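The structure displayed is predicted, hence computed values, not measured ones. Ligands are counted one by one from 1 in listed order, and the atoms in each one are counted from 1 as well.
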Amino acid sequence: MNILHHPGEDMILAYASGASGEAISLLMATHLTFCPQCRRAVARAESLGGAVLETAVPVTMGEGALAATLARLDTPVSATPVPQPQDGTPAPLRPYLGGSLSSVRWRSMGASLAFVPLFRRDGVSVKLLKGVPGADTGLHSHLGKEFTLVLQGGFSDATGSYAPGDVQIADTDVWHSPKADTGEDCINLSVTTAPLRFKGLVPTIAGKLFGF
Ligand SMILES: [Zn+2]
């Protein structure tokens, strides 16, 4: 698998140090199941962080920091290949789906798009999005950031083409109109930090339905 679009170094470091929120942690952990390059980067950052911790003066950690760190210890990251399960559901997603990708209950939005809300916390919304082959999501921008990880199929917009494992990060500067590739359904994991801004009335209503 050839991943072209990776999360930024800042995201790697934040994830390795346990500083990512739950939503981005989920996106990162899922990306890592696709991407040996980022698994190595996380492993390097973790060993670096461990060395720093051994020499650091103790500081008071925020509430939840210990739990988050301990939780991370339960999810070892290595550069060795992570076998993708046969049903194509990355392991980190399973607890959020209550099973496999093939068994989730899609809420349809029109003929070509569907979504599954996973959770929303502190203004961050996490969902699965699905487009039938060739589906157009409509031109939109963002009040915050939109992180998209392709799980199946693929999509393209003015910034490039995205295949399984690729991560797209879009913010207020980007107006884009992602279009699902032809072939199979495109399924993405989407993390948005604020509502999307659609052009036109219908997409606005669609946005409200989506819960963006
Ligand atoms: Zn990567």
Side-chain angles (χ1 to χ4, degrees), residues 1-52 68-69 71-97 100-101 118 124-131 137 142 144-171 173-174 176 178-181 183-193:
M1 195 171 299
N2 191 17
I3 309 289
L4 293 177
H5 305 277
H6 302 270
E9 203 167 292
D10 53 338
M11 292 174 69
I12 298 272
L13 291 174
Y15 178 77
S17 63
S20 306
E22 184 178 3
I24 295 298
S25 292
L26 174 61
L27 182 124
M28 286 295 300
T30 306
H31 172 74
L32 294 181
T33 67
F34 290 92
C35 184
Q37 183 180 326
C38 287
R39 284 202 296 278
R40 282 192 292 272
V42 166
R44 271 199 305 275
E46 282 177 335
S47 56
L48 198 65
V52 170
T69 305
R72 288 194 38 70
L73 293 177
D74 294 336
T75 51
V77 174
S78 85
T80 53
V82 176
Q84 288 289 356
Q86 291 206 328
D87 68 6
T89 308
L93 271 178
R94 284 187 170 277
Y96 292 91
L97 305 181
S100 72
L101 266 178
L118 296 183
V124 178
S125 172
V126 182
K127 55 179 76 68
L128 294 178
L129 298 177
K130 182 171 78 169
T137 57
H142 315 86
K145 278 196 168 179
E146 178 189 42
F147 302 84
T148 303
L149 168 64
V150 181
L151 302 173
Q152 177 194 303
F155 71 90
S156 300
D157 65 13
T159 68
S161 291
Y162 297 82
D166 279 330
V167 174
Q168 182 184 54
I169 303 168
D171 59 20
D173 301 330
V174 178
H176 66 159
K179 194 166 187 226
D181 295 348
E184 61 180 332
D185 286 349
C186 174
I187 299 180
N188 298 331
L189 177 67
S190 162
V191 176
T192 47
T193 60

query: Can you tell me if Thr193 uses its side chain to pair, donor with acceptor, with the backbone of Lys145 under 3.5 Å?
result: yes

- request: May I have the step-by-step check of side chain to side chain contact (heavy atoms under 4.5 Å, CB included) for His31 and Ile3, ending in yes or no?
  value: CA-CA 10 Å; His31 172 74; Ile3 309 289; 3.7 Å; yes

task: With sequence neighbours left out, write down each residue that passes ring pair (Phe, Tyr, Trp, His ring centres under 6.0 Å) with Tyr162, or none if nothing qualifies.
output: His5, Phe155

query: Taking everything shown except Glu9 itself, do over 12 heavy atoms lie less than 6.0 Å from its CD?
result: no

query: Around the Zn ion (ligand 1), how many protein N/O/S atoms fall inside 2.8 Å?
result: 4

message: I'd like to know if the side chain of Glu146 reaches the main chain of Ser190, judged simply by a donor and an acceptor atom lying under 3.5 Å from each other, with no hydrogens or angles considered.
response: no

message: So does Pro92 get a backbone contact from the side chain of Thr30, meaning a donor-acceptor N/O pair under 3.5 Å?
response: no

